[in-house]
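Encoded as structure tokens, the structure appears first; notes follow it.
Read the numbers this way: they start at 1 and go in the same order the structure lists the ligands and their atoms. Values below: all heavy atoms of this structure, side chains included; hydrogens, waters and symmetry mates excluded.
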Amino acid sequence: MQVRAALVREAGRLEVVPVALEPPRAGEVLVRIRAAGVCHSDLHTLRGELRARPPLVLGHEGAGVVEAVGPGVTRVAPGDPVVINWLPGCRTCEPCLRGEPNLCRRLEQTTFQGRLPDGSTRIRLEDGTAVGHYLGSATMAEYTVVPEEGVVPLLEGVPFEVGAILGCAVVTGVGAVFHTARMPPGQRAAVIGCGGVGLSALLGCLATGAHTVIAVDTVADKLALARRLGATHTVHAGQEDVVALLRHLTDGGPDYVFDSVGAATTIRQALEAVRPGGTATLIGLHAALDEVAIRPGVLIFQNKTLRGSFAGSMRPEVDLPMLQRIYLAGHLDLDALITRRYPLEEIAQAFADMEAGRLARGVLVME
Ligand SMILES: [Zn+2]
Ligand SMILES: [Zn+2]
């Protein structure tokens with residue numbers, strides 16, 4: 001079938017055009033995408049800054065309806081509403097078996113290369129060239145094909161738009177708090193960066209029962225949104241001394257700091273500000289390939305922990321339904337994270353708004 005999709009033909013060149021989508025093979029499902037979240041990693045991939053190479057169709061956050069299933073599919077049927085899971089573990093490698101499917105060994109050769117688990121792709125250009133599914137998902141399209149383990153049920157009462165942001169932004173932020181840092185109740189926390197991931201971490205801190213949650217950003221509008229979501233304090237990083245203020249507001253430093261930016265400056269701020277014995281968790285990818293100077297004495301003499309969190313240490317089949325139930329119970333205000341909706345054709349505008357700091361999360365909505 002021909003489907004309209006956000007295609008990257010070569011690095012830096014984005015167009016919304018029809019591409020050929022093959023039917024699902026054994027163990028795969030065809031999903032009609034209803035909403036797709038817009039993430040920084042899509043933009044980095046468009047620019048050729050991450051591992052996945054063009055040609056590919058962008059998008060890894062999404063929700064929609066199963067339209068057809070290939071032979072042997074048992075977990076979903078046509079008509080089922082689903083959330084796309086871009087981290088489908090193989091369930092047989094050691095990391096999967098020890099409960100860390102976000103570290104699955106198959107991902108390196110499949111998901112991160114823009115391939116399905118069998119190593120191939122279902123998308124083609126007019127001349128027959130294979131087109132990658134970004135992060136094995138390709139959700140910025142009217143339809144996509146993913147493995148059966150690449151979807152989890154969208155629960156009744158959860159809008160497609162909310163389902164669309166669960167799989168990356170929300171699970172990455174909330175999971176960093178719940179799973180990676182395992183933050184106990186009653187803590188003082190700070191979140192650096194108030195985009196979709198940072199605000200999700202903020203919501204995770206609130207859901208955990210933190211009494212102090214400080215939001216840090218350089219954009220006043222984002223700090224205002226953080227306050228509406230429940231931040232107890234805000235720090236304007238462009239105008240105020242972040243480390244000094246975080247220490248002052250928490251009587252010696254937050255117990256937990258979550259850095260959703262991941263730049264050299266914010267990593268150092270997180271580590272410096274967290275209280276002795278506290279934990280700084282890195283979530284953001286901005287300096288992922290850079291070398292960042294830190295003073296080991298801060299870690300050693302002050303017993304601090306600096307750790308990384310990939311995709312919120314998510315176990316998709318457990319976490320994606322759990323997050324929906326917390327949302328349905330009214331303890332995760334995910335509707336407030338969706339700042340703007342766009343038709344698929346306006347993907348370039350969505351990227352521009354995201355870069356300008358105008359969005360918590362933008363969502364592409366397919367009618
Ligand atoms: Zn595995
Ligand atoms: Zn993402």
Side-chain angles (χ1 to χ4, degrees), residues 6 8 27 33 35-47 49-52 56-63 83-119 133-140 144 146-150 161-176 193 195-201 260-262 282-286 288 309-320 323 334 337-338 347 350-351 354-355 359-364:
V8 181
I33 298 294
V38 181
C39 180
H40 271 101
S41 35
D42 294 298
L43 183 57
H44 289 307
T45 297
L46 165 61
R47 292 179 176 154
E49 295 163 357
L50 294 177
R51 272 174 289 185
L56 51 79
V57 168
L58 290 175
H60 56 291
E61 295 187 345
V83 174
I84 299 293
N85 161 28
W86 60 274
L87 266 178
C90 74
R91 302 162 180 233
T92 57
C93 73
E94 191 193 304
C96 279
L97 292 175
R98 62 169 191 250
E100 297 176 305
N102 64 324
L103 304 178
C104 173
R105 288 176 183 157
R106 187 177 71 178
L107 298 170
E108 190 61 47
Q109 296 309 317
T110 58
T111 298
F112 299 149
Q113 306 293 337
R115 293 294 181 265
L116 296 180
D118 75 353
H133 303 225
Y134 178 49
L135 289 179
S137 304
T139 54
M140 291 180 178
T144 190
V146 292
E148 138 177 66
E149 61 268 32
E161 296 168 14
V162 168
I165 63 170
L166 281 177
C168 181
V170 174
V171 79
T172 297
V174 177
V197 171
L199 291 173
S200 295
S260 73
V261 179
L282 307 185
I283 318 171
L285 286 168
H286 278 82
S309 178
F310 177 56
S313 304
M314 94 159 125
R315 296 155 302 154
E317 275 115 348
V318 178
D319 290 332
L320 296 178
L323 291 169
L334 302 183
L337 290 186
I338 301 171
I347 171 68
F351 280 145
M354 181 173 69
E355 278 236 284
L359 302 178
R361 211 55 161 180
V363 173
L364 303 174

*Taking it one step at a time, do E108 and R51 satisfy salt bridge (charged side-chain N to carboxylate O under 4.0 Å, His left out)?*
CA-CA 10 Å; E108 190 61 47; R51 272 174 289 185; 2.8 Å; yes
_By side-chain hydrogen bond (donor to acceptor under 3.5 Å, both in side chains) - contacts of T110 (at least two apart)_ =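 So T110 forms no side-chain hydrogen bond (donor to acceptor under 3.5 Å, both in side chains) with any residue.
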*Identify, with sequence neighbours excluded, every residue that meets side-chain hydrogen bond (donor to acceptor under 3.5 Å, both in side chains) alongside N85.*
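side-chain hydrogen bond (donor to acceptor under 3.5 Å, both in side chains) list for N85, sorted by chain: empty.
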*asked:* Counting only heavy atoms not in L285 (residues, nucleotides, ligands), do more than 12 fall under 6.0 Å from its CG?
replied: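 No, not enclosed.
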*asked:* Can you give me the closest heavy-atom contact between E149 and P117, atom names plus distance?
replied: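 Reported closest heavy-atom pair: OE2-CG, 4.1 Å.
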*Nearest 10° is fine: what angle sits at the Zn ion (ligand 2) between SG from C39 and NE2 from H60?*
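Answer comes to 110°, rounded to 10°.
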*R361 vs E61, salt bridge (charged side-chain N to carboxylate O under 4.0 Å, His left out): CA-CA, chis, key distance, verdict*: CA-CA 11 Å; R361 211 55 161 180; E61 295 187 345; 2.5 Å; yes
*Go around the Zn ion (ligand 1) and count every protein N, O or S atom nearer than 2.8 Å.*
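Excluding waters, the total comes to 4.
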*Between the Zn ion (ligand 2) and C168, is there an N, O or S atom separated by less than 2.8 Å?*
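Looking at C168, which is the residue asked about, there is an N, O or S atom under 2.8 Å from the Zn ion (ligand 2).
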_Test salt bridge (charged side-chain N to carboxylate O under 4.0 Å, His left out) applied to D319 - qualifying residues, sequence neighbours left out_ =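 Applying salt bridge (charged side-chain N to carboxylate O under 4.0 Å, His left out) to D319 gives R315.
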